[in-house]
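Values in this document were obtained by computation on a predicted structure and should not be read as measured data.
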Amino acid sequence: MRIGLRIMFVATILLMALALAGCGTPSIDRVDVTWEADPPPRWGLYPGYRQEIPCPKGATYRADVYFKGKSFTGATIASVGNRLVFKPTAGSRDIEAQIVDGTHLNIYATLHDENGKAHRQLALRIELLGDNISFEFPK
């Protein structure tokens with residue numbers, strides 16, 4: 001009988017762990033980066049992805065942040081001289097940048113769960129590397 005109770009106890013603990021695993025904070029699905037050139041190439045970045053692309057002086061890139069399958073905020077990143085400039089796109093909210101130094105930016109998006117609670121998440125790490133720029137969506 002004791003073995004049956006132990007099995008039931010372990011099974012209950014495992015079921016509770018699985019149920020709680022689905023109840024987490026909301027997270028960003030992906031970030032699309034579009035080089036504003038003609039034609040405009042686009043890269044979809046998922047958690048853990050990093051993309052390094054050319055960055056001529058004066059180049060601009062649009063970043064669209066996706067949550068629950070829809071784009072909900074965005075920004076424009078421009079290369080001005082040897083530094084990066086951040087500007088939220090018109091009508092965007094819940095997006096901000098932390099300037100690490102002139103060649104590094106961290107972009108944060110604020111997500112809201114069903115209860116209205118806000119969760120700030122790092123969406124992109126951007127680094128200017130001479131003639132290239134790298135976009136990283138950390139895990």
Side-chain angles (χ1 to χ4, degrees):
M1 185 68 172
R2 289 192 189 271
I3 293 175
L5 286 174
R6 284 185 188 168
I7 292 172
M8 185 174 294
F9 180 71
V10 170
T12 303
I13 296 293
L14 288 174
L15 284 174
M16 287 175 52
L18 288 173
L20 290 175
C23 301
T25 58
S27 64
I28 296 170
D29 298 336
R30 75 175 195 270
V31 179
D32 282 355
V33 176
T34 306
W35 185 358
E36 295 184 340
D38 190 27
R42 176 181 300 190
W43 296 270
L45 298 170
Y46 294 89
Y49 280 51
R50 182 178 187 275
Q51 180 70 45
E52 188 173 320
I53 56 177
C55 184
K57 301 236 186 295
T60 58
Y61 306 88
R62 189 179 70 243
D64 296 307
V65 181
Y66 285 78
F67 176 56
K68 294 185 179 178
K70 293 189 265 181
S71 175
F72 82 98
T73 193
T76 300
I77 297 91
S79 168
V80 179
N82 291 329
R83 63 187 188 98
L84 296 170
V85 177
F86 167 86
K87 181 181 177 188
T89 53
S92 288
R93 56 190 174 104
D94 297 330
I95 192 165
E96 60 187 315
Q98 173 192 25
I99 300 170
V100 178
D101 59 35
T103 60
H104 293 81
L105 284 178
N106 290 333
I107 296 179
Y108 292 89
T110 303
L111 308 174
H112 301 277
D113 63 13
E114 294 83 24
N115 301 328
K117 188 174 178 184
H119 303 278
R120 186 174 182 236
Q121 182 179 350
L122 179 59
L124 275 179
R125 285 189 185 122
I126 305 169
E127 182 179 5
L128 189 59
L129 305 162
D131 291 340
N132 290 329
I133 188 169
S134 81
F135 295 91
E136 179 186 357
F137 182 6
K139 284 185 180 184

Is it true that Ile107 and Val100 fall in one hydrophobic cluster, defined by side-chain heavy atoms closer than 4.5 Å?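 They do not share one cluster, since no chain of ILVMFWY contacts under 4.5 Å joins Ile107 to Val100.
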
Counterpart residues, salt bridge (charged side-chain N to carboxylate O under 4.0 Å, His left out), relative to Arg62 (two or more places apart):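 With neighbours one apart ignored, the set is Glu36, Asp64.
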
Tell me, please, which residues at least two apart from Lys70 pass salt bridge (charged side-chain N to carboxylate O under 4.0 Å, His left out).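 Once residues adjacent in sequence are excluded, Lys70 has no partner under the salt bridge (charged side-chain N to carboxylate O under 4.0 Å, His left out) criterion.
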
Minimum heavy-atom distance between [X] and [Y], given as atom pair plus value:
X	Y	result
Pro47	Lys139	C-CG, 4.0 Å
Gly116	His112	O-ND1, 4.0 Å
Tyr66	Ser71	CD2-N, 3.3 Å

Tell me, do Tyr108 and Ile95 make a side-chain contact under 4.5 Å, heavy atoms counted?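 Tyr108 vs Ile95: side chains apart.
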
Does any non-hydrogen side-chain atom of Trp35 lie less than 4.5 Å from one of Cys55?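 They are not in contact (no side-chain heavy atoms under 4.5 Å apart), so the answer is no.
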
Who pairs with Phe135 by ring-ring contact (aromatic ring centres under 6.0 Å, His included), at least two apart in sequence or on another chain?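 By the ring-ring contact (aromatic ring centres under 6.0 Å, His included) rule, Phe135 matches Tyr61.
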
With sequence neighbours left out, write down each residue that passes ring-ring contact (aromatic ring centres under 6.0 Å, His included) with Tyr49, or none if nothing qualifies.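 Expected list: Tyr46.
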
Output side-chain donor-acceptor pairs under 3.5 Å for residues 38-45, partner residues at least two apart or in another chain, one line each.
residue: Arg42; atom: NE; partner: Thr34; partner atom: OG1; Å: 3.3

According to side chain to side chain donor-acceptor pair (under 3.5 Å), who are the partners of [X], at least two apart in sequence or on a separate chain?
X	value
Thr103	Asp101
Thr76	none
Asp29	none
Lys68	Glu114

Would you give me the side-chain donor-acceptor pairs under 3.5 Å for residues 78-88, sequence neighbours excluded?
none

So does Val65 get a backbone contact from the side chain of Thr73, meaning a donor-acceptor N/O pair under 3.5 Å?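 Checking the backbone N and O of Val65 against the side chain of Thr73, no donor-acceptor pair under 3.5 Å is found.
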
Is the CD1 atom of Ile99 crowded by more than 12 outside heavy atoms at less than 6.0 Å?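 Result for CD1/Ile99: open.
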
Can I get a per-line list of side-chain donor-acceptor pairs under 3.5 Å for residues 119-129, giving both atom names and the distance, sequence neighbours left out?
residue: His119; atom: NE2; partner: Asp113; partner atom: OD2; Å: 3.3
residue: Arg120; atom: NE; partner: Glu96; partner atom: OE2; Å: 3.1
residue: Gln121; atom: OE1; partner: Ile28; partner atom: N; Å: 3.0
residue: Glu127; atom: OE2; partner: His104; partner atom: NE2; Å: 3.1

Applying salt bridge (charged side-chain N to carboxylate O under 4.0 Å, His left out), which residue pairs with at least one partner in residues 47-56 are found, sequence neighbours left out?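 Sorted result for residues 47-56: Arg50-Glu52.
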
